[in-house]
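Remarks on the structure that follows.
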Amino acid sequence: MSQVQQLRDESDFDQLPHNIPISATIADIEEKKGFIDYFMFVIEVKTKGGCKYLIYRRYREFFNLHVDLESKYSPEDPERPGRNTCILPTLPGKIFIGNKRDIAESRIPELNTYMKRLLGLPIWFLLDETLRMFFYQTDQDSEHQPRALRRLRPPTRKVKTVKPKMDLFSSPRAEAMFDFRGNSKAELNLKRGEVIFLLRRVNADWLEGTVNNQTGIFPESFVKIIKPLPESDSEGEGGGHTYSCLRCYFLTPSGVDTRDVCVQEALTIEPTYKDLLSRMKNVFKEDDIALNYRDPKGDLIRILDDEDIQLMIKESRGQQGKVKRPVNQFPWELHVTMASDYSVYNTEA
């Protein structure tokens with residue numbers, strides 16, 4: 001069982017305040033120009049109570065946080081940590097030479113891993129005031145207008161255009177809190193104050209709607225919901241679900257992290273090995289991973305190319321009648337391991 005999962009299973013976790021941060025992911029980087037040009041990391045924070053918000057932090061703020069936490073919690077002997085001490089994750093070091101944008105981009109995976117491990121430390125550590133203030137959304141953060149948030153964009157290749165029936169008083173709708181410029185024809189352009197009529201939810205972070213006779217997708221963090229979509233928000237033309245779910249298992253020595261990953265593809269899709277590997281690296285925030293599936297005997301089989309993907313799907317369809325799945329779940333599942341740990345997990349699921 002992973003540290004984060006173990007944390008959630010302990011009764012003490014239920015006693016924590018709802019505003020305690022439990023996960024954080026870098027959504028983008030933004031350049032700040034002035035006497036000294038620098039880049040800030042745009043970070044989406046999720047709290048125990050389910051709240052999500054954006055904060056903006058420079059690398060030096062990560063560095064100052066780490067120095068402060070080390071002074072308070074690092075044990076004198078790493079081999080024998082004492083009470084109220086813990087081994088902190090490694091923060092990527094300072095870089096003094098190179099293109100600032102490239103440096104910031106290269107730090108994103110390392111900082112994501114750092115924040116994930118930091119927020120996976122023992123419960124008492126999450127109550128540290130310095131840590132909480134780092135992830136707290138200040139007035140300056142809340143007033144900052146987000147830009148692209150490119151790393152939160154849904155991996156979708158097509159948008160289903162729906163001609164809505166307008167009812168100004170009963171239709172689900174939202175008000176734009178910031179200007180938003182779409183990066184493609186699939187994305188809406190929004191101006192602050194505009195009312196967007198909501199059509200459906202694309203994923204946890206993006207919605208589809210219509211404004212000014214244009215239909216497209218946009219990030220939920222840019223709007224204030226006036227009337228939410230119904231819980232079953234997939235009532236587009238022809239009904240049915242607007243996205244499909246892929247059941248994924250991330251296997252580690254400490255346990256299994258199970259995810260249902262939503263994708264904007266039909267259940268019949270046969271992805272390429274490259275696309276699937278790239279998506280899993282993004283989902284689990286790990287680069288050193290391998291893809292696997294379980295054959296009918298329960299053995300873990302490593303996937304190395306497109307032919308292995310085809311074999312996995314073929315064998316999974318052969319087992320389709322034996323396992324009852326939700327109608328919007330892919331007939332095949334994916335088992336993700338660290339690349340060097342293949343032999344450890346070759347047992348029954």
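Bear in mind the structure is a predicted one, so any value in this text is a computation, not a measurement.
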Query raised in the report: Between Trp206 and Glu187, does a side chain to side chain contact (heavy atoms under 4.5 Å, CB included) hold up when you go through it step by step?
Result: CA-CA 10 Å; Trp206 284 67; Glu187 298 177 6; 4.0 Å; yes
Contact between [X] and [Y] at the side-chain level, heavy atoms closer than 4.5 Å - yes or no?
| X | Y | answer |
| --- | --- | --- |
| Pro89 | Leu91 | no |
| Glu110 | Met115 | no |
| Val283 | Cys248 | no |
| Arg294 | His335 | yes |
| Leu188 | Glu208 | no |
| Met40 | Tyr59 | no |
| Ile22 | Thr47 | no |
| Leu246 | Glu333 | no |

[Y] versus [X], side-chain donor and acceptor atoms under 3.5 Å:
| X | Y | value |
| --- | --- | --- |
| Glu194 | Asn212 | yes |
| Thr337 | Asn292 | yes |
| Thr138 | Asp141 | yes |
| Ser278 | Asp275 | no |

A cation-pi test, strictly: NZ or CZ of [X] under 6.0 Å from the centre of the six-membered ring of [Y] and no more than 45 degrees from its axis. Yes or no?
| X | Y | value |
| --- | --- | --- |
| Lys32 | Phe39 | no |
| Arg58 | Phe41 | no |
| Arg57 | Phe62 | no |

Joint hydrophobic cluster, [X] plus [Y], side-chain heavy atoms closer than 4.5 Å:
| X | Y | answer |
| --- | --- | --- |
| Ile123 | Leu118 | yes |
| Leu111 | Phe63 | yes |
| Leu311 | Ile301 | yes |
| Trp124 | Ile87 | no |

Query - Test salt bridge (charged side-chain N to carboxylate O under 4.0 Å, His left out) applied to Lys100 - qualifying residues, sequence neighbours left out - result: none
Query raised in the report: Sequence neighbours excluded, which residues qualify as salt bridge (charged side-chain N to carboxylate O under 4.0 Å, His left out) partners of Glu31?
Result: Lys33, Arg101
Heavy-atom closest pair, residues [X] and [Y]:
| X | Y | result |
| --- | --- | --- |
| Pro172 | Pro228 | CB-O, 3.7 Å |
| Glu315 | Pro296 | OE1-CD, 3.3 Å |
| Ser142 | Phe178 | O-CZ, 4.0 Å |
| Ile43 | Ala24 | CG2-CB, 3.8 Å |
| Lys285 | Asn112 | CD-ND2, 4.5 Å |
| Ile55 | Gln137 | CG2-CA, 3.9 Å |

Query raised in the report: Hey, mind stepping through Asp179 and Arg181 against salt bridge (charged side-chain N to carboxylate O under 4.0 Å, His left out) and telling me if it holds?
Result: CA-CA 7 Å; Asp179 291 347; Arg181 180 174 294 278; over 6 Å; no
Query raised in the report: Apart from Ile226 itself, what residues make up its hydrophobic cluster, given side-chain heavy atom links below 4.5 Å?
Result: none
Query raised in the report: Which other residues end up in the same hydrophobic cluster as Met133, if Ile, Leu, Val, Met, Phe, Trp and Tyr are linked when side-chain heavy atoms come under 4.5 Å apart?
Result: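 Tyr136, which link up through side-chain heavy atoms under 4.5 Å apart, make up the rest of the cluster.
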**Report entry** Full working for salt bridge (charged side-chain N to carboxylate O under 4.0 Å, His left out) between Asp205 and Lys52
**Finding:** CA-CA 10 Å; Asp205 302 299; Lys52 292 191 295 186; 2.9 Å; yes
Which residues pass the side chain to side chain donor-acceptor pair (under 3.5 Å) test with [X], sequence neighbours left out?
| X | value |
| --- | --- |
| Glu220 | Arg201 |
| Asp295 | none |
| Thr85 | none |
| Arg107 | none |

Query raised in the report: Checking Thr25 side chain against Glu44 main chain: does a donor-acceptor pair fall under 3.5 Å?
Result: no
Interatomic spacing from [atom1] in [X] to [atom2] in [Y] - rounded to 0.5 Å:
| X | Y | atom1 | atom2 | result |
| --- | --- | --- | --- | --- |
| Asp68 | Asp128 | CG | CG | 7.0 Å |
| Leu207 | Ile225 | CG | CD1 | 5.5 Å |
| Gln310 | Ile313 | CD | CD1 | 8.0 Å |
| Thr215 | Ile196 | OG1 | CD1 | 12.0 Å |
| Thr113 | Ile108 | OG1 | CD1 | 12.0 Å |
| Tyr273 | Asp306 | OH | CG | 10.0 Å |

Considering residues at least two apart in sequence or located in another chain, which fulfil the ring-ring contact (aromatic ring centres under 6.0 Å, His included) criterion with [X]?
| X | answer |
| --- | --- |
| Phe125 | Tyr73 |
| Phe135 | none |
| Tyr114 | His66 |

Query raised in the report: When you look at His144 and Glu30, which way does the side chain to side chain contact (heavy atoms under 4.5 Å, CB included) test go after all the steps?
Result: CA-CA 11 Å; His144 189 107; Glu30 291 187 5; 2.9 Å; yes
Query raised in the report: So Ile20 and Leu127, side chain to side chain contact (heavy atoms under 4.5 Å, CB included) or not? Walk me through it.
Result: CA-CA 8 Å; Ile20 287 288; Leu127 293 171; 3.9 Å; yes
Query - Lys191 atom NZ, neighbour heavy-atom count above 12 within 6.0 Å - result: no
Report task. For residues 292-311, pull every pair meeting ring-ring contact (aromatic ring centres under 6.0 Å, His included), keeping only residues two or more places apart or in separate chains. Result -> none
Query raised in the report: Going through the distances and angles, do Phe218 and Phe180 end up as a ring pair (Phe, Tyr, Trp, His ring centres under 6.0 Å)?
Result: CA-CA 8 Å; Phe218 58 92; Phe180 173 72; 7.8 Å; no
Requested in this report: Assess whether side chain to side chain contact (heavy atoms under 4.5 Å, CB included) is satisfied between Val45 and Leu54, documenting all intermediate values.
Outcome: CA-CA 6 Å; Val45 178; Leu54 297 175; over 6 Å; no
